[in-house]
Amino acid sequence: MAQSQGWVTRYFKAFCKGFFVAVPVAVTFLDRVACVARVEGASMQPSLNPGGSQSSDVVLLNHWKVRNFEVQRGDIVSLVSPKNPEQKIIKRVIALEGDIVKDGGKQERM
């Protein structure tokens with residue numbers, strides 16, 4: 001009986017050590033390097049969610065490129081919705097700083 005308690009104690013200590021190392025590493029990775037996000041809805045079709053609103057795609061969001069301002073035309077970015085701060089939206093970059101964007105005859109400088 002003493003041997004089984006020693007095994008349980010060693011297992012529990014090993015689990016705690018691994019847990020208290022893995023959790024901060026995982027949180028730091030997800031916050032600073034990259035994270036996974038689910039894309040729902042039809043706004044990014046046909047690139048994402050080609051099956052319609054019933055399905056959802058999963059994307060890997062690269063935090064390093066945005067942090068270093070390495071965003072290019074065609075990249076897909078995630079940002080906080082200006083209408084609802086609780087919601088994140090995913091959009092495709094169509095213009096960069098200094099580009100002229102035409103929208104229905106109007107021109108705006110980015």
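All values below were derived from every heavy atom in this structure, side-chain atoms included, with hydrogens, water molecules and symmetry-related copies excluded.
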Asker: Roughly how far apart are Phe12 CZ and Phe19 CZ, rounded to 0.5 Å?
Answerer: 10.5 Å
Asker: In Å and rounded to the nearest 0.5 Å, what is the CD1 to NZ distance from Ile100 to Lys102?
Answerer: 8.0 Å
Asker: Quick one: side-chain contact (heavy atoms from CB on, under 4.5 Å) partners of Thr28, sequence neighbours excluded?
Answerer: Arg32
Asker: How many angstroms lie between atom CG of Asp99 and atom CD1 of Ile94, to the nearest 0.5 angstrom?
Answerer: 9.5 Å
Asker: Could you work out, with side-chain contact (heavy atoms from CB on, under 4.5 Å) as the rule, every residue matching Val36, not counting sequence neighbours?
Answerer: Val58, Leu60
Asker: Linking I/L/V/M/F/W/Y whenever their side-chain heavy atoms sit closer than 4.5 Å, directly or via other members, would Leu61 and Phe29 fall into one cluster?
Answerer: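 No, Leu61 does not connect to Phe29 through the hydrophobic network.
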Asker: Compile the donor-acceptor pairs under 3.5 Å between side chains in residues 74-84 and protein atoms, sequence neighbours left out, one pair per line.
Answerer:
unit_1 : atom_1 : unit_2 : atom_2 : d
Asp75  : OD2    : Gln72  : N      : 2.9
Ser81  : OG     : Lys83  : N      : 3.3
Ser81  : OG     : Asn84  : N      : 3.2
Asn84  : OD1    : Glu86  : N      : 3.2

Asker: Indicate the atoms forming the closest heavy-atom contact of His63 with Cys35, along with that distance.
Answerer: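 Nearest pair, atom of His63 first, then Cys35: NE2-SG, 3.4 Å.
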